[in-house]
Trainee: 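Shown below is the structure under consideration.
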Protein chains: 2
Amino acid sequence: METAIDAKAMITTHDDIAPYMVEQRGRFIGQTSLVVLPKTTQEVSDVVKLCAEYNIGIVPQGGHTGLVSGGIPFPGDNAIVLSTSRLNKIRAIDPANNTMIVEAGCILQTIQEHAAKHDRLFPLSLGAEGSCQIGGNIATNAGGINVIRYGNTRQLILGLEVVTPTGEIWDGLRALQKDNTGYDLKQLYIGSEGTLGIITAAVLQLFPKPKEQQTAILALRDLDTSLPLLNLAQAMLGDALTSFELLPWIGIDFAQKHGQGVIDPIEGQYDWYILMEASVAINHSNLKDHFDNYLETAFEKGWIKDGVLAQNKTQSDCFWLLRENITLCQKAEGGSIKHDISVPVSSVPAFIKMANEAVQKLIPGIRPHPFGHLGDGNIHYNLSQPINMNKQDYLDRWEEVNRVVHDIVHSFNGSISAEHGIGRVKRDENQHYKSPIEIQLMKSIKTTLDPKGIMNPGKLIPVS
Amino acid sequence: METAIDAKAMITTHDDIAPYMVEQRGRFIGQTSLVVLPKTTQEVSDVVKLCAEYNIGIVPQGGHTGLVSGGIPFPGDNAIVLSTSRLNKIRAIDPANNTMIVEAGCILQTIQEHAAKHDRLFPLSLGAEGSCQIGGNIATNAGGINVIRYGNTRQLILGLEVVTPTGEIWDGLRALQKDNTGYDLKQLYIGSEGTLGIITAAVLQLFPKPKEQQTAILALRDLDTSLPLLNLAQAMLGDALTSFELLPWIGIDFAQKHGQGVIDPIEGQYDWYILMEASVAINHSNLKDHFDNYLETAFEKGWIKDGVLAQNKTQSDCFWLLRENITLCQKAEGGSIKHDISVPVSSVPAFIKMANEAVQKLIPGIRPHPFGHLGDGNIHYNLSQPINMNKQDYLDRWEEVNRVVHDIVHSFNGSISAEHGIGRVKRDENQHYKSPIEIQLMKSIKTTLDPKGIMNPGKLIPVS
């Protein structure tokens, strides 16, 4: 390996390797004897060539913020970790083309800030943005809170540079809006979770920077009114709508009990809330008027019972802090069995009702805590344990609960992983629901592009 | 074949086959002894299974409006034509989910109209929309005039149903905004020009229907001001900007001379013009004020010399008629050597200047006629023949001119087919510019998914 990469860029001692093996939410701990940290695409290529020669697996790792154990080698995988952390240059920005070329190890927030300096927006935004790396975002097709307006990571990528499993470098860094010259190879790598090659750099799509934002929290009459409310927002705010998040009372309750500085801006208690944001990239818009009209109409129709429009940035930050704590504060209430599902937007209320009923039948006293990106049909359908149940007893039923919830998702032609990916954690569950032909197509692509099976072995799609 | 499909759905006589063999702009005439017109996905599957058994090639054909001879079998291909014309049901629309499920043979305009009836927009729009079929649009990843706001066809597709080269049916008709459960197979079929399988149905993304539009034609000070003008539009109109088209004087001149009912709304003569449109999906917007401010600012900065804002729908239709005739009226001026290129938006003026100089050096008196989607960096770089040259002598230099222009495109890391695809016409030219690793990746995908090579043989990527 020393021939491929500087000895300083290799981590070989158990203690130094340990942080790369432990995940934020991982139910597994990784195992490897080597972490390499290449600094250039050429070094990545050299490392891969060596591994290919000796049939050594490679697990690419970015900011190590993934939630499905996709970034660690499992015992028996005979794999090294290739960290993209030092591959962290912003190579170029072209504001007139609304593009930026970055290396895989760039932190998402660094990219957002660099774009902002040039009066541009890179709209990908998610909880881990302070530490996740763009390479990982691309490899997992990350979602986040702005998808309703700007799409998933996939929609934000114009070009890629990839090191293939044989160590060849594919330079697909084209900064073009239109390019119909063959199969769109980058689409294969986006969302492939490192199983087809290593993304080393990307051309990102930038947008005009928002000049005005409006943020509100609304108390719903009931879950069903969320859909006409969303429809009305699309009709009255048009493209300005950038977030439409569903919050349940239980989440607000947990956040207030356990979160730091969390304030519920709405008096009283309602079953369901919407946190929504609209933004426009121009000055002197009349967004505020439109938003006021929207809220007025929603009140008149009886779809919302109360609502607060943020008066300034501090207040809107406060709303988002509440939202963030809804993610964070479940831990304090014991075991939480999690799902990251999507269904057609029009089916979200029906899905939630059906799933709530099913899990309550399965485990009486279970506390459903569905929240998230209603505007994208993506609900983090998390389930807190019954109050007096033993935590481990509860968590032992993880797979059983998953199956019940995912069966319902499947009946809506939905997805059992909307934005977190498959990794190792959901691999077998995914096999269960995909059609044989889809599994077969995925396998044939995997074996064609990575015939030795060295790229992130065992993740996403098992190849026998 | 009668076992697979009704005899009435087969065309076998030379005269009846002929219309399927002659293309709008084709320099080639197709050859086959059979055109089949299946009415269901199952029938498509049955036909493909038969062809697979007997190693017969299949050329899928939609509305037959393609420009690169991708929809006809060539002599020696031993291929039938599978027309999707009768596979033309709109299967479902879900306005609350902003989606619609359509079969491949639906005419684009029919789809637009059906969406409009439900107060939704399907934004794909292009010259051939009255006859092109959505299956062909998807297979070629069609572009058109709204890409700057809504993206190419690829961005408008949530799910696909595909018949594979072995005749299996892959049901990927998921109507989800987010789905990270493995390789995004639909992306492979989008833009694959029928070489990997036959698209039989799709889930389309709909949008709120625009409620207000503003359309203007502007006379530029010079080509260079097009970029700051675009940048200003993005800053002052934000997401509302939906079209930004470049028109050269020569195009307006041809359109006025040869077009039906064409009016140039601007007095005098300028080298370059912009046709731009902005639209918003909400009522009571102040789009008109913003547009007025934008035009005022552009005048003050000296970037535009004159400009007309359409006062009503009739006038804006008039502007678009002019734009359309710029495409249509080149024919009347003799031979036209065509290119469909893209470069980064920021490089468009530099590209045009460099290419103009090069072709004028090659063929003195040649008349460059670059027009199109400046906002996407996509220019139809067409070249009308010198006035007194023999047409055939001129057209005989097609490939030579292509090479000169494409070399310049390549130097900008651009694309030699921005929106029309590769088909047969650009196949070899594409091989010339792609890197060996990209060609190799494309070939490996082709041979894996279509091992017998029966799907649209000879198109896009030759496999030996």
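Convention: sequence-line order gives letters A, B, ...; per-chain numbering from 1. It should be emphasised that the depicted structure is a prediction, and the values quoted were computed from it without experimental measurement.
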Trainee: Between A/Asn180 and B/Ser417, does any side-chain donor sit less than 3.5 Å from a side-chain acceptor?
Mentor: no
Trainee: Do A/Gln155 and A/Gln205 have side-chain atoms, one donor and one acceptor, less than 3.5 Å apart?
Mentor: no
Trainee: Distance only, no hydrogens: is a donor on one side chain within 3.5 Å (strictly under) of an acceptor on the other, for A/Thr166 and A/Glu168?
Mentor: yes
Trainee: Would you say the side-chain atoms of B/Thr195 and A/Tyr183 include a donor-acceptor pair closer than 3.5 Å?
Mentor: yes
Trainee: Which residue out of B/Gly159, B/Gly377, B/Gly182 racks up the most heavy-atom pairs below 4.5 Å with chain A?
Mentor: B/Gly182
Trainee: Measure A/Ile422 against the heavy atoms of chain B and call it side chain, backbone, both or neither at under 4.5 Å.
Mentor: both
Trainee: Considering only NZ, NE, NH1 and NH2 on the basic side and carboxylate oxygens on the acidic side, decide whether A/Lys178 and B/Glu419 come within less than 4.0 Å.
Mentor: yes
Trainee: Strictly below 4.0 Å, N to O, side chains only: are A/Arg149 and A/Asp376 in salt-bridge contact?
Mentor: no
Trainee: Heavy-atom pairs under 4.5 Å with chain A are the metric here; pick the option from B/Ala175, B/Pro436, B/Ser342 that has the most.
Mentor: B/Ser342
Trainee: So which part of A/Arg427 gets closer than 4.5 Å to some heavy atom of chain B, the side chain, the backbone, both or neither?
Mentor: neither
Trainee: Do the side chains of B/Asn430 and B/Ile416 get nearer than 4.5 Å, heavy atoms only?
Mentor: yes
Trainee: Decide, yes or no, whether a salt bridge links B/Lys186 with B/Asp179 under the criterion of side-chain N to carboxylate O below 4.0 Å.
Mentor: no
Trainee: Can you check whether anything in residues 233-241 of chain B gets within less than 4.5 Å of chain A, heavy-atom wise, and list it by number?
Mentor: B/Gln234, B/Ala235, B/Met236, B/Leu237, B/Gly238, B/Asp239
Trainee: Is a salt bridge present between A/Glu193 and A/Lys446, judged by a nitrogen-to-oxygen distance below 4.0 Å?
Mentor: no
Trainee: Any luck finding a side-chain donor-acceptor pair between A/Gln431 and A/Asp428 under 3.5 Å?
Mentor: no
Trainee: For the candidates B/Asn293, B/Val348, B/Leu196, which exhibits the highest count of non-hydrogen atom pairs separated by less than 4.5 Å from chain A?
Mentor: B/Leu196
Trainee: Do A/His410 and A/His432 have ring centres separated by under 6.0 Å?
Mentor: no
Trainee: If the contact rule is any heavy atom under 4.5 Å from chain A, which residues of residues 280-287 of chain B qualify, in numerical order?
Mentor: B/Ala281, B/Ile282, B/Asn283, B/His284, B/Ser285, B/Asn286
